[in-house]
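To start, the structure under review is shown below, and the notes come after it.
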2 protein chains.
Amino acid sequence: MNIGAVAAASGVSAKMIRHYEKIGLLGASARSTAGYRQYGERDVQTLHFVRHARDLGFPLEQIGQLLSLWQDTGRSSAEVKCLAEAHLQDLDARIHKLSAMRDTLATLARNCCGDERPDCPILDGLAASAQLDDGPKREPSR
Amino acid sequence: MNIGAVAAASGVSAKMIRHYEKIGLLGASARSTAGYRQYGERDVQTLHFVRHARDLGFPLEQIGQLLSLWQDTGRSSAEVKCLAEAHLQDLDARIHKLSAMRDTLATLARNCCGDERPDCPILDGLAASAQLDDGPKREPSR
DNA sequence: GGTTGACCTTCCCATGATGGGAAGCTTTAG
DNA sequence: CTAAAGCTTCCCATCATGGGAAGGTCAACC
């Protein structure tokens, strides 16, 4: 199988397959006499695995660790779970950060009437010297 | 005020201030005879604004638009609100994407006993040819 | 046999926001 | 006067992905 065929079969682009090889995530494949990369079914499986891990947001470095564990029949599932839990925490942290942004911005936007007049609580909020915060916005006192 | 002082006053690093100038987000500042950038109170305000917008996750290009609107007293608040709403949608999309990842991974991890044995639903899930999905995992049939 | 088009190779560049660090000049404090 | 701190520009790195160029290869069709 040439690289285009594995790419189609695995859902990982040829460009990325070459890249993963270059950074050492994947081992170097066999080559045809003309220098074309040659792949087999097993490589399709591996790339599927990589794609799924990527779809879950794992960074490539951790995908490499997951691949190693996957191929190591002497692994303990605790090692895998540990990686997964760490990534879950990372995802949670990112979600919370984005949610805080969204809530703050939503509060500002809610107070903006969005008409032809220039007065705008959104701009006022951005210009305010204090930290933006998803606070009440009515009764800012106390 | 030199760049270090505005950086400290605004919370935007000197490195970033130079970068924002280079990409045109900020106009070029005055320079001292020695070539040092010179800033005033007004620049501190502007950088505060930029920092707050950045803290809400706005991309720099949109921050530029917000800055223009802020400085345009003939603006309509509708224009600002439109930018904000678009960014809210972007934030929501990202949050949903991350939440889907988290839910799928959490489901896989929940089924992994995390002990010394090699059997691991997380790896099985990643290796599965089907799309990963936050499905039931018990009774995968039907 | 020759041509064409699809496919492969490597290499360089770009994204977006941020930072590290080098080499060299300026200002300030002791 | 000297040393430290601050400034300048320029290059490189991140992370994952892709675009595109220049050139070689393979298969199919006439």
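Computation of the quantities below employed the complete heavy-atom set of this structure, encompassing side-chain atoms and omitting hydrogens, waters and symmetry-equivalent molecules. Treat the numbers as computed from the prediction; the structure is a model and nothing was measured.
In this entry the distance linking CZ of R18(B) with C1' of dG20(C) reads 13 Å, nearest Å.
Atom-to-atom distance recorded for I17(A):CD1 and S29(A):OG is 9.5 Å, nearest 0.5 angstrom.
Listed pair R37(A) / dT9(C) meets the phosphate criterion, a side-chain N or O lying under 4.0 Å from OP1 or OP2. R54(B) has a side-chain polar atom (N or O) that falls below the 4.0 Å cut-off from OP1 or OP2 of dT18(C). Residue R31(A) places at least one side-chain N or O under 4.0 Å from the OP1 or OP2 atom of dT10(C). Close to dG19(C), at under 4.0 Å from its OP1 or OP2, lies a side-chain N or O of S13(B).
Heavy-atom distances to DNA chain D give each of T33(A) and I23(A) a nearest nucleotide, and the one nearer the 5′ end belongs to I23(A). Mapping Y20(B) and K15(A) onto DNA chain C by nearest heavy atom places K15(A) closer to the 5' end of the strand. With the nearest nucleotide of DNA chain D identified for both E61(A) and K22(B), K22(B) has the one nearer the 5' end.
Residues S32(A) and Q38(A) approach most closely at CB-OE1, 3.3 Å, considering heavy atoms.
For the residue pair E79(A) / S76(A), a side-chain donor-acceptor distance below 3.5 Å is found, with atom types taken as modelled. No side-chain N or O of D119(B) forms a donor-acceptor pair with one of S77(A) less than 3.5 Å apart.
Here the side chain of Y36(B) is nearest to one of dA16(D), dT27(C), dC8(C), namely dT27(C).
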